[in-house]
Amino acid sequence: MGKLIIISAPSGTGKSTIISHIINDESLRLAFSVSATTRQPREGEVDGVDYYYMSVEEFERRVQADEFAEYQQVYEGRYYGTLKSEIERIMDQGRNVVLDIDVLGGINVKKIYGDRALALYILPPSIEALRERLVGRGKDSAEEIERRVAKAQFELGYVDAYDTSVVNDDLAVAIEQVRDIVDKFVNQ
Ligand code: ADP
Ligand code: 5GP
């Protein structure tokens, strides 16, 4: 039976970068859970790969139809959610599910799946480093960056609700720490 690895972090911490380095490690048998979102694709993002992009109307219709394992309005007017069908699709392949979801969604999934889920929190070295990374990524407007930094202060208050945490200061070190934690969890 497949397991779930919930990976949460304030936006800009480096979560996607770390996940991209471990996702194809065949000893971990991982597959990425593609979330649904109502936000616009960023440059280079692909529908069905990074997210399933949909209108607010379609998202709300799917909420009514009980198609989500969890969903949150992560930013005002922007919904993000994990479709039950996505978790089932990955489990049916006999793989472990990696969920890149916000802290409240992560806590909800942990409650549903208990010991079958590992909740891992990735921390930025500081708020200032986080802002620099968001600016350096060059994908969000100045206003959007300030919204994400403000949200980070709130999200960092939830680290204790997670099973474990890793600080992403030196990227190579953080990747190895995450790989090790996931390996112990899925291969124990
Ligand atoms: P997230 O998925 O958490 O929003 P990203 O993976 O998109 O974050 O990373 C945000 C930016 O920070 C990217 O430009 C990435 O290259 C950079 N980054 C990631 N890890 C580090 C690190 N340890 N040190 C410096 N920059 C980093
Ligand atoms: P971004 O817009 O930077 O891709 O993601 C913004 C935030 O939404 C991140 O914290 C990300 O983890 C979160 N997120 C992405 N997908 C989901 C989801 O399915 N559910 C929840 N609750 N949060 C999600």
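Counting starts at 1 for both ligands and their atoms, in listed order.
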Problem set entry | Polar proximity ligand 2 side, Y75 side, N/O cut 3.5 Å exclusive | no
Exercise. Heavy atoms, side chains only, cut-off 4.5 Å: are V186 and I5 in contact?
Worked result: yes
Problem set entry | Spacing of E45 atom CD and D50 atom CG [to the nearest 0.5 Å] | 4.5 Å
Exercise. Is the closest heavy-atom distance from R78 to ligand 2 below 4.0 Å?
Worked result: no
Exercise. Closest heavy-atom contact between I90 and F32?
Worked result: CD1-O, 3.5 Å
Problem set entry | Sub-4.0 Å atoms of ligand 2 with respect to non-hydrogen atoms of Q72 | 22 (N)
Seminar exercise, completed: Numbered in order shown, the ligand 2 atoms found under 4.0 Å of a heavy atom of G105 are 22 (N)
Seminar exercise, completed: Of all protein heavy atoms, the one nearest atom 22 (N) of ligand 2 is D102 OD1, 2.7 Å
For this session: Select one of side chain, backbone, both or neither to describe which atoms of R42 lie under 4.0 Å from any atom of ligand 2, heavy atoms only.
Result: side chain
Problem set entry | pair S8-D102: side-chain heavy atoms closer than 4.5 Å | no
For this session: Around atom 19 (O) of ligand 2, find the nearest protein heavy atom and jot down its residue, atom name and distance.
Result: S35 OG, 2.7 Å
Exercise. Going by the order shown, which atoms of ligand 2 are within less than 4.0 Å of some heavy atom of S11?
Worked result: 3 (O)
Exercise. Which heavy atom of the protein is the closest neighbour of atom 11 (C) of ligand 2, given with residue, atom name and distance?
Worked result: D100 OD1, 3.6 Å
For this session: Please state whether the rings of F59 and F68 are parallel, tilted or perpendicular, taking 30° and 60° as the class boundaries.
Result: parallel
For this session: Please tell me if the side chains of R179 and E176 come closer than 4.5 Å, counting only heavy atoms from C-beta onward.
Result: yes
Exercise. At what distance is the nearest protein heavy atom to atom 20 (N) of ligand 2, and which residue and atom is it?
Worked result: E70 OE2, 2.7 Å
Exercise. Closest non-hydrogen protein atom to atom 9 (C) of ligand 2, residue and atom name please, with distance?
Worked result: K15 NZ, 3.7 Å
Exercise. Does ligand 2 have an atom under 4.0 Å from some heavy atom of Y71?
Worked result: no
Seminar exercise, completed: Within the 4.0 Å heavy-atom cut-off around ligand 1, the contacting residues, ordered by chain and number, are P10, S11, G12, T13, G14, K15, S16, T17, R133, R137, N168, D169, L171
For this session: Find out whether V97 and M91 are in side-chain contact, i.e. whether some heavy atom of one side chain is under 4.5 Å from a heavy atom of the other.
Result: yes
Exercise. Heavy-atom distance under 4.5 Å between the side chains of I181 and T164, does that happen here?
Worked result: yes
Exercise. Between V74 and ligand 2, which residue portion shows a heavy-atom distance shorter than 4.0 Å: side chain, backbone, both, or neither?
Worked result: side chain
Exercise. Any side-chain heavy atom of L30 sitting closer than 4.5 Å to one from D25?
Worked result: no
Exercise. What is the closest protein heavy atom to atom 4 (O) of ligand 2, and at what distance does it sit?
Worked result: Y51 OH, 2.5 Å
Exercise. Are any side-chain N or O atoms of R133 and backbone N or O atoms of T13, one a donor and one an acceptor, separated by less than 3.5 Å?
Worked result: yes
For this session: Would you mind telling me if ligand 2 is within reach of the side chain of R148, the backbone, both or neither, using heavy atoms under 4.0 Å?
Result: side chain
Exercise. Hey, are the side chains of I7 and L99 touching, using non-hydrogen atoms and a 4.5 Å cut-off?
Worked result: no
Exercise. Does an N or O from G81, backbone or side chain, lie closer than 3.5 Å to an N or O of ligand 2?
Worked result: yes
Problem set entry | Close N or O approach (R39, ligand 2; < 3.5 Å) | yes
Problem set entry | Heavy atoms of other groups near K111 NZ, more than 12 under 6.0 Å | no
For this session: May I ask you to establish whether K3 and F185 are in a cation-pi arrangement, using a distance under 6.0 Å from NZ or CZ to the six-membered ring centre and at most 45° from the ring axis?
Result: yes
Donor-acceptor pairs are to be reported for all side-chain atoms of residues 145-154 against protein atoms at under 3.5 Å, with residues two or more places apart or in another chain.
residue: E146; atom: OE1; partner: R131; partner atom: NH2; Å: 3.2
residue: E146; atom: OE2; partner: R131; partner atom: NE; Å: 3.1
residue: R147; atom: NH1; partner: E144; partner atom: OE1; Å: 3.0
residue: R147; atom: NH2; partner: E143; partner atom: OE2; Å: 3.3
residue: R148; atom: NE; partner: E144; partner atom: OE2; Å: 2.9
residue: R148; atom: NH1; partner: S11; partner atom: OG; Å: 2.8
residue: R148; atom: NH2; partner: E144; partner atom: OE2; Å: 3.1
residue: K151; atom: NZ; partner: V74; partner atom: O; Å: 2.5

